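Scroll down for the structure; my scribbles are underneath it.
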Amino acid sequence: MRHDVTIVSNRQIAKATMEMKVRCPGVEIAPGTFFHIKTSGLLRRPLSVANVEGDEITFLYKVIGEGTTELSGKRVGDTLDVLGPLGNGFPLAQHGKRVVLVGGGIGVPPLYYVRRRLHEMGIETIAILGFDSKESVFYEDAFRELGETIITTVDGSHGESGFVTGPLARIEADVLLSCGPEAMLKAVATSPIPERYLSIENRMGCGIGACFACVCQAPGGYVKVCSDGPVFNAEEVLL
Ligand code: FES
């Protein structure tokens, strides 16, 4: 479960947003799961999987603190100590259903990998991706190659003006798969789409269910985001 992976690329792809590819042979990775990355600070940093091609894993991350600033300075050939894949991902058995993917900001990456996998299985999806502004948008072309894609920006500088909930309200679907900031997840959790799955981001410690740093309220008590999730049925969590 712990791997020393080698960085094969690390580049900026949008405002304060980096794409890092690492080589990690012989690992089976389900969409929606994550890796816990060691930096020089005390805690590891959870990063969701944005794509897998052969033995290369792609992570996208926002440069917002010490750990991610350190990651952004890594060079090709450097190695990283990672734990993973961890957690439970998105349900893939969606044959015959209309699936909508709803992502916001740095919650968009895992939706790319799940969309690719669903596409390979012959399952069509619609994607609604929300960003702050045009400079923050990434992977738009890559998403469009896999099907209908609607982009929203809060400031209206690209795509539709406003939030993902605008286009979501006019789309009929059976299943919603979503990842993004808590306010967005709260909004999409109450959508009339019958089956709704949310990938929740939370502060983490151990990443393996042992420390309780990542608990989230649930109808019967609490759940651990790292080991019970990060993907939950919307009925299983209280946001
Ligand atoms: Fe330790 Fe989830 S991070 S229990």
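Both counts, for ligands and for their atoms, begin at 1 and track the order of listing. These values consider heavy atoms only, across backbone and side chains, with no hydrogens, waters or symmetry-generated copies. Just so it is clear, the structure is predicted and the values come from calculations on it, not from any experiment.
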In chain order, what residues pass the ring-ring contact (aromatic ring centres under 6.0 Å, His included) check against F131, with sequence neighbours excluded? F138
For F163, side chain to side chain contact (heavy atoms under 4.5 Å, CB included) partners two or more places apart: V154, T165
Only residue of V82, D81, L83 satisfying side-chain contact (heavy atoms from CB on, under 4.5 Å) with H36 is L83
Sort by chain and number the protein N/O/S atoms found under 2.8 Å from atom 1 (Fe) of ligand 1. C206 SG, C211 SG
Whether the R115 and T125 side chains hold a donor-acceptor pair (N or O, under 3.5 Å, no angle test) is what I'd like checked. yes
Measure from NZ or CZ of K224 to the centre of the six-membered ring of F212, then state whether that distance is under 6.0 Å and the direction lies within 45° of the axis. yes
Under 3.5 Å, sequence neighbours excluded: what are the donor-acceptor pairs made by side chains of residues 9-17?
| residue | atom | partner | partner atom | Å |
| --- | --- | --- | --- | --- |
| N10 | OD1 | Y61 | OH | 2.9 |
| N10 | ND2 | L71 | O | 2.9 |
| N10 | ND2 | K74 | O | 3.1 |
| R11 | NE | E19 | OE1 | 2.9 |
| R11 | NH2 | E19 | OE1 | 3.3 |
| Q12 | NE2 | A14 | O | 3.0 |
| T17 | OG1 | K15 | O | 2.8 |

